[in-house]
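To start, the structure under review is shown below, and the notes come after it.
Naming convention: chains lettered A, B, ... in sequence-line order (proteins, then strands); numbering from 1 in each chain. The structure displayed is predicted, hence computed values, not measured ones.
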Protein chains: 2
Amino acid sequence: MSANSDDGRRRIKSVDKAFLIIQALREQGNAGAGVTTVADAVGMSKGSAHTYLNTLKQHGVVTEQNGRYRLGLQLLELGEYAKRQNLVYQCAQDPVDEIATRTGELARLVVKEQGYGVYLYKAEGDNAIETTIQPGQREYLHCTSQGKAILAHLSESEVREIVDERGLPARTEDTITDIDELLDELEEIRERGVAFSRSESTRGMRCVASPVHAPDGSVVAAIGVCGPMSRLQGDRFTEEIPDIVRNAANIVEINIQMNRNS
Amino acid sequence: MSANSDDGRRRIKSVDKAFLIIQALREQGNAGAGVTTVADAVGMSKGSAHTYLNTLKQHGVVTEQNGRYRLGLQLLELGEYAKRQNLVYQCAQDPVDEIATRTGELARLVVKEQGYGVYLYKAEGDNAIETTIQPGQREYLHCTSQGKAILAHLSESEVREIVDERGLPARTEDTITDIDELLDELEEIRERGVAFSRSESTRGMRCVASPVHAPDGSVVAAIGVCGPMSRLQGDRFTEEIPDIVRNAANIVEINIQMNRNS
DNA sequence: AACCGCGTTTGCTATTGCCAAACTTATTTA
DNA sequence: TAAATAAGTTTGGCAATAGCAAACGCGGTT
């Protein structure tokens, strides 16, 4: 009877369907899709799919050229806006730039959202590596140093909840895929104040990350450094860079607090 | 009786309302808004607004922390995806970089979407100016060189349609605000192959832009250069840079064609 | 020229979104 | 500490509307 689905709360089914269509279009990629293809993909009649696509088109989140529908750039405008509004994004840019220049490596900002990490900003030092993952993309929390830094400061029940929902897929042979092993690792990270990643998300890549806390004490993000194993080793990896990263994370936290009161 | 609104076509009203809420949240900016505020802003009951916000939250396009709702970063992921998928974006990056290094100025890519220009990519030369407008944002077509380059290659009826819908707001005292004057200017641009802007969008800023055509002959984008009046004048403004820009636009077109066949 | 596949439109019905009002929780005031 | 107020959440019932199926229109193909 009731229009609910997940956790007993009511939902607007038409909105769900709209996002189902957006998802379907996304999976079609650059090729785009026609009305019939979309209708089949989401399991509705041609007529209905047509009405949805037209509505979405009016809002610019879908574009159409001679019968082929694709994702529209209005999404980018909204997304960029959301990014710029983000307080952590505003407060972390300078410290991340600083990390990049001081280490010469790639420095990144990842914020927590819905059990994922969203890669929001990067700064490239003189020797910065190129990564395949692009700003704006989500990544799993268990396989990156940034993600683990965030997980380490959540409660065990929150961690288990995220793992139950997202799983622990293996990115490389070194990815932690066991929940108990992960919890042990998080314990260490908490004591140390920085998280390491040794080829856990990409072979040959090492990272160091430190969490960023909101004024209320909850973790909201992590900043860190990524580089090749060849350069990130010894004291530089275990001492120098952790110090730089920890310090920068601290500055971000101060920036957030100051921005709060203004 | 019928569920239509704009041009007789049916629409999904719930989807319209969802975007109304997104718009409302956007206007609240960084502060965010509570359920009641949103309900008032879009003119629906508290209960309904709550259901919508919860649905949108599930999809990540809205986030909530202790009762305050804001735009979510899922929008950024979708938007960045739409951008990366965009064929023109893929094909124009190298030529735009090239323009920037050869001129030392700011080079930009603007693609046409729904009667607006969407600023998708920039490359900064050694002396590049800083602009307030950010990648991902929309801009009017009548007041920028890039926009005029696009308009110049649409039919007069299409231009009139866009102007009717979006108007010709004045950005500076030099913005063209008269439709006939605009049409004359477009005529010149068509003959010349490049569009100029002299303080029409920002005081003291000059731009040169050239259109990019799809294989079917329609304009899809424009690339160009922006810089201070002090540097963009004389032959450099009217001859040298136009040559560079025209040439680069040509290369983009070739890239698009090649990508088409692959 | 007839066919076929695709996109668009429309009438009718069952579904679902919506308001109002009750209920719950948090915050402020006395 | 309690009362009062405000804000968020849930629910019943009715009216609105989303959805299908089927008809229509249109370009491309055999």
Q: Mind checking B:Ser14 for me? I need base, sugar-phosphate or nothing, with any heavy atom below 4.0 Å counting as a touch.
A: sugar-phosphate
Q: Would you kindly give the CD1-to-C1' distance between B:Ile12 and C:dT16, to the nearest whole Å?
A: 12 Å
Q) Between C:dT8 and A:His50, is there an OP1 or OP2 to side-chain N/O distance shorter than 4.0 Å? A) yes
Q: Find the distance A:Met44:CE to C:dT8:P and express it as a whole number of Å.
A: 16 Å
**Q.** A:Asn66 CG - D:dG28 P separation (whole Å)
**A.** 11 Å
**Q.** Side-chain N,O (A:Thr36) to OP1/OP2 (C:dC6) below 4.0 Å
**A.** no
Q. Any side-chain donor-acceptor pair under 3.5 Å between A:Gln23 and A:Glu27?
A. yes
Q: Determine, stepwise, if the pair A:Glu139 / A:Arg108 fulfils salt bridge (charged side-chain N to carboxylate O under 4.0 Å, His left out).
A: CA-CA 13 Å; A:Glu139 47 191 34; A:Arg108 302 199 316 150; 2.7 Å; yes
(Q) Return whichever of B:Ser45 or A:Lys17 has its heavy-atom-nearest nucleotide of DNA chain C closer to the 5' end. (A) A:Lys17
Q. Between atom CD in B:Gln65 and atom P in D:dG8, what is the gap in whole Å?
A. 15 Å
Q: Look at B:Arg10 and C:dT9 and indicate whether a side-chain polar atom (N or O) is within less than 4.0 Å of OP1 or OP2.
A: no
Q.
Tell me the interatomic distance from A:Arg9, atom CZ, to C:dT24, atom P, rounded to whole angstroms.
A. 16 Å
Q: Run the numbers on B:Glu77 and B:Tyr81 for side chain to side chain donor-acceptor pair (under 3.5 Å), then give the verdict.
A: CA-CA 6 Å; B:Glu77 182 169 13; B:Tyr81 186 83; over 6 Å; no
Q. Is there a donor-acceptor contact under 3.5 Å linking the side chains of B:Arg70 and B:Gln28?
A. no
Q. Hey, does the side chain of B:Arg192 reach the backbone of B:Val194 with a donor-acceptor pair shorter than 3.5 angstrom?
A. yes
Q) Within the structure shown, what part of the strands sits under 4.0 Å from B:Gly47 by heavy-atom distance: base, sugar-phosphate, or nothing? A) base
Q.
Over all strands shown, is B:Lys46 touching base, sugar-phosphate only, or nothing at heavy-atom distances under 4.0 angstrom?
A. base
Q. To the nearest Å, how far apart are A:Lys13 NZ and C:dT15 C1'?
A. 8 Å
**Q.** A:Tyr69 side chain near C:dG7 phosphate (N/O to OP1/OP2, under 4.0 Å)
**A.** no
Q) Between B:Tyr52 and C:dG17, does any side-chain N or O lie under 4.0 Å from OP1 or OP2? A) no
Q) How many Å lie between CG on B:Asn54 and P on D:dA7, as a whole number? A) 19 Å
Q: Tell me whether the OP1 or OP2 atom of C:dC18 has a side-chain N or O from B:Thr51 closer than 4.0 Å.
A: no
Q: For A:Arg11 and C:dT15, give me the distance from atom CZ to atom C1', rounded to whole Å.
A: 17 Å
Q: For D:dC20, take OP1 and OP2 only and decide whether either is under 4.0 Å from a side-chain N or O of A:Ser48.
A: yes
